[in-house]
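Here is the structure we will look at, set down as structure tokens.
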Amino acid sequence: MAHEIRIPSLGESITEATIGTWFKAVGDRVEKDEPVVELETDKVAMEVNAPASGVLSEQLVKEGDTVEVGALIAMVESESGAVNKTKSSSAKGADKSSSKSDKSASGSDKKTAAEMVDIIVPQAGESVTEAGLGAWFKAKGDQVEIDEPVAELETDKAAMEVNAPASGVLAEVLVEEGATIHPGDVIGRIQKGAKASGGKAETAAAPAASAKAPEKAAKAPETESTANDGTDGPMAPAVRRLVADYNLDPQSIKGTGKDGRLTKADVLAAIDKGTARVLTASQPQAGAKAAVPQQAEEERVPMTRMRKRIAERLKDAQNTAAMLTTFNDVDMSAVIKARKDYRDLFEKKHGIKLGFMSFFVKAAVLALREVPGVNARIDGDEIVYQNFYNIGVAVSAPAGLVVPVVHGADALSFADTEKAIAAYGKKARDGKLAIDDMLKGTFTISNGGIFGSLLSTPILNPPQSGILGMHRIEERPVAVNGEVVIRPMMYLALSYDHRLVDGREAVTFLVRMKEAIEDPSRLLLDL
């Protein structure tokens, strides 16, 4: 049975769309509700899913074609139809006995195919259309368990693992490390229920696995020195970069991942506890390549997808927005006193420490309500005023700067805000931030003060129109009631899009922030 794929309704004002990317080619197998094509309009990109499981039998339009809503763009032949066509083709010109033999063989093939389970690239969020295959944790012929990580993907926003959909043997590796892949792509196949013994699969995958045996044996002398380093296999790219950045000896860190592999959490925990051993110049990392000669002055390494995306977005913000920064300073005495007075009670009741960030998130919401332009965004020729407050908190993760979002910050208590920020910080350090954690922010706060920054001009996080920069607290002489006193002061910087926010509004925003921080009771009274 054939099923049609048509352009869905895209909203009242949208009558056509452009075919962006086909995720499947003619002849590829598709599952019901699996994305098969991406559409692009002047407002948004969206995916069209398969109406049924089967085979993509026809593609009626090409990538780049513009089509109207309701247009037929492809056909999917359901499984029963595809099987019947195969049987009909194989029986053509054959006698009854050979036909029976063909059907028997076809049934056997179907049974074999049913035992093979595809490893499919999962959806990584609305705005993520491709990823890079960072590393395979398993080799062809290896035993895998259901839900066990088998590969790592790197997107422009985060790293994520692909888990095994079934237990068995990794029979096929279809994509090499470093290749670009898309949601819905098949990157490997698992022989379901198969067992690997002595490095060889007791299935059809056994010949392929055994074929690699000499190659593995040949490489054994190189990897022998890493047998006791706690990794028992290749480190994931993110872990490898973290170890290299801190110049650590992986042998000094105990791995808690599958088969004893190191995880980012293991490395970060060892750094925090001080148990990770730092390599000296004469100590090469276990399993590392030969040291770069001392006369070498440069080293070239490819940019990660996340670093590329960060660079693109920051440069895009400078090219698109009319960015301007205004400054103010704030006396932190009242907040410091509140934290000191209620620190123990707060932690005892809520199980979380009272930090500075919850005060600033609450103060930002208060200021955004009074100056809604800072919480708005520009969409084409329109200004979109957002009546919700999703505050992004910039976090420096091992792979780069990420901005998880505290959704509905106006409705959260101080404790809930602190818990949300702490949870995001841990996920960022462990490399476990999801794409949804970083979407739909309306305003961003960046705290460069934790690194000692005295003053900075933060860059906007598109499409947002404002970002607040916090800085280090420094005791400085200030005039209070005609007297010079020493107070803990912090500079605040608001970068904003001057196309939408005027100087008066930007200054008003910072003044409201200053008033709320210097008198925290305003936060409770919503003043």
Close side-chain approach of Ile336 and Pro488, heavy atoms under 4.5 Å:
yes
Side-chain H-bond candidate by donor/acceptor type, Asp416 with Ser413, under 3.5 Å
yes
Can you list the steps and then say if Asp497 with Arg377 is a salt bridge (Lys or Arg N to Asp or Glu O under 4.0 Å)?
CA-CA 9 Å; Asp497 190 344; Arg377 72 177 193 274; over 6 Å; no
Donor-acceptor contact below 3.5 Å, side chain Asp329 vs main chain Met490
no
Begin from the C-alpha positions of His471 and Ser456 and carry the test side chain to side chain donor-acceptor pair (under 3.5 Å) through to its verdict.
CA-CA 8 Å; His471 301 90; Ser456 69; 2.7 Å; yes
Can you sort out the partners of Glu34 under salt bridge (charged side-chain N to carboxylate O under 4.0 Å, His left out), two or more places apart, ordered by chain and number?
Lys24
From CD1 (Ile517) to OG (Ser333), nearest 0.5 Å
12.0 Å
Could you tell me if the side chain of Arg522 sits less than 4.5 Å from the side chain of Glu515, heavy atoms only?
yes
Salt bridge check: are Arg343 and Glu347 linked by an N-O gap of less than 4.0 Å?
no
Please round to the nearest 0.5 Å and tell me the distance separating atom CZ of Phe360 and atom OG1 of Thr417.
14.0 Å
Closest approach of Phe359 and Val335, non-hydrogen atoms and distance?
CD1-CG1, 3.8 Å
Judged by modelled atom types alone, do Gln386 and Thr442 share a side-chain donor-acceptor pair under 3.5 Å?
no
Whether over 12 other heavy atoms sit under 6.0 Å from Phe388 CZ:
yes
What one should report as the nearest heavy-atom pair of Ala338 and Leu354 is O-CD2, 4.4 Å
So that I know where these two stand, are Phe509 and Phe443 an aromatic pair - ring centroids less than 6.0 Å apart?
yes
Going by heavy atoms in the side chains, are Phe356 and Met332 under 4.5 Å from each other?
yes
Quick check: does any side chain N or O of Lys514 sit under 3.5 Å from a backbone N or O of Asn328, one acting as donor and the other as acceptor?
no
Let me confirm one number: the CD-CD1 distance from Glu148 to Ile190, rounded to the nearest 0.5 Å.
9.0 Å
Report yes if the side chains of Leu523 and Leu366 come closer than 4.5 Å at any heavy-atom pair, otherwise no.
yes
Measuring only between side-chain heavy atoms, which start at C-beta, is Tyr389 closer than 4.5 Å to Asn375?
yes
Between Lys337 and Asp341, does any side-chain N to carboxylate O distance fall below 4.0 Å?
yes
Before accepting this row, confirm whether a basic side-chain N of the pair Asp410/Arg369 lies closer than 4.0 Å to the acidic partner's carboxylate O.
yes
Intermediate values then yes/no, side chain to side chain contact (heavy atoms under 4.5 Å, CB included), Tyr496 and Glu505:
CA-CA 10 Å; Tyr496 58 97; Glu505 294 172 307; over 6 Å; no
Under a 3.5 Å distance rule, please check whether Glu418 uses its side chain to pair with a backbone N or O of Gly355 as donor and acceptor.
yes
Say whether Thr444 and Gln464, considering side chains only, have a donor N or O and an acceptor N or O under 3.5 Å apart.
yes
Test side chain to side chain contact (heavy atoms under 4.5 Å, CB included) applied to Ile7 and Leu39, step by step
CA-CA 9 Å; Ile7 302 295; Leu39 306 180; 3.7 Å; yes
Got Met489 and Val478 here, is their nearest side-chain heavy-atom distance under 4.5 Å?
yes
Please walk me through it: do Val393 and Val403 pass side chain to side chain contact (heavy atoms under 4.5 Å, CB included)?
CA-CA 5 Å; Val393 179; Val403 187; 6.0 Å; no
Measure the spacing between CD of Glu38 and CD of Glu63 and express it to the nearest 0.5 Å.
9.5 Å
With heavy-atom distances below 4.5 Å as the criterion, would you say the side chains of Phe23 and Val37 are in contact?
no
Give a yes or no on whether the backbone of Gly408 and the side-chain of Asn390 come within a donor-acceptor separation of less than 3.5 Å.
yes
Side chain Glu152, main chain Trp136, donor-acceptor under 3.5 Å
no
Taking all heavy atoms of Leu460 and all of Ser495, pick out the closest pair and write down the distance.
CD2-O, 3.5 Å
May I ask you to test the Glu176-Leu133 pair for a side-chain heavy-atom distance under 4.5 Å?
no
Could you tell me whether the side chain of Thr320 and the main chain of Ala317 form a donor-acceptor pair under 3.5 Å?
no
Taking every heavy atom of Val365 against every heavy atom of Ala409, the minimum-distance pair comes out as CG2-CB, 4.1 Å
From Leu492 CG over to Thr326 OG1, what is the distance, rounded to the nearest 0.5 angstrom?
10.5 Å
What are the two closest heavy atoms between Leu468 and Pro458, and how far apart are they?
C-CG, 4.5 Å
Strictly by side-chain hydrogen bond (donor to acceptor under 3.5 Å, both in side chains), give each pair with a member in residues 482-491 just once, sequence neighbours left out.
Asp331-Arg487
May I ask you to decide if the ring planes of Phe346 and His350 are parallel, tilted or perpendicular, using 30° and 60° as cut-offs?
tilted
Counting distance only, does the side-chain N/O of Ser465 pair as donor-acceptor with the main-chain N or O of Ala376 below 3.5 Å?
yes
Evaluate side chain to side chain contact (heavy atoms under 4.5 Å, CB included) for Met470 paired with Ile445, printing each intermediate quantity in order.
CA-CA 7 Å; Met470 297 168 54; Ile445 299 176; 3.6 Å; yes
Please check: side-chain N/O of Arg512 versus main-chain N/O of Ala367, any donor-acceptor pairing under 3.5 Å?
no
Among Asp118, Val121, Val150, Ile120, the one residue meeting side chain to side chain contact (heavy atoms under 4.5 Å, CB included) with Ile187
Val121
Looking only at heavy atoms, which two atoms of Ile352 and Ala415 are closest? And how far apart?
CG2-O, 4.1 Å
Taking atom CG of Asp147 and atom CG of Asn163, what is their separation to the nearest 0.5 Å?
6.0 Å
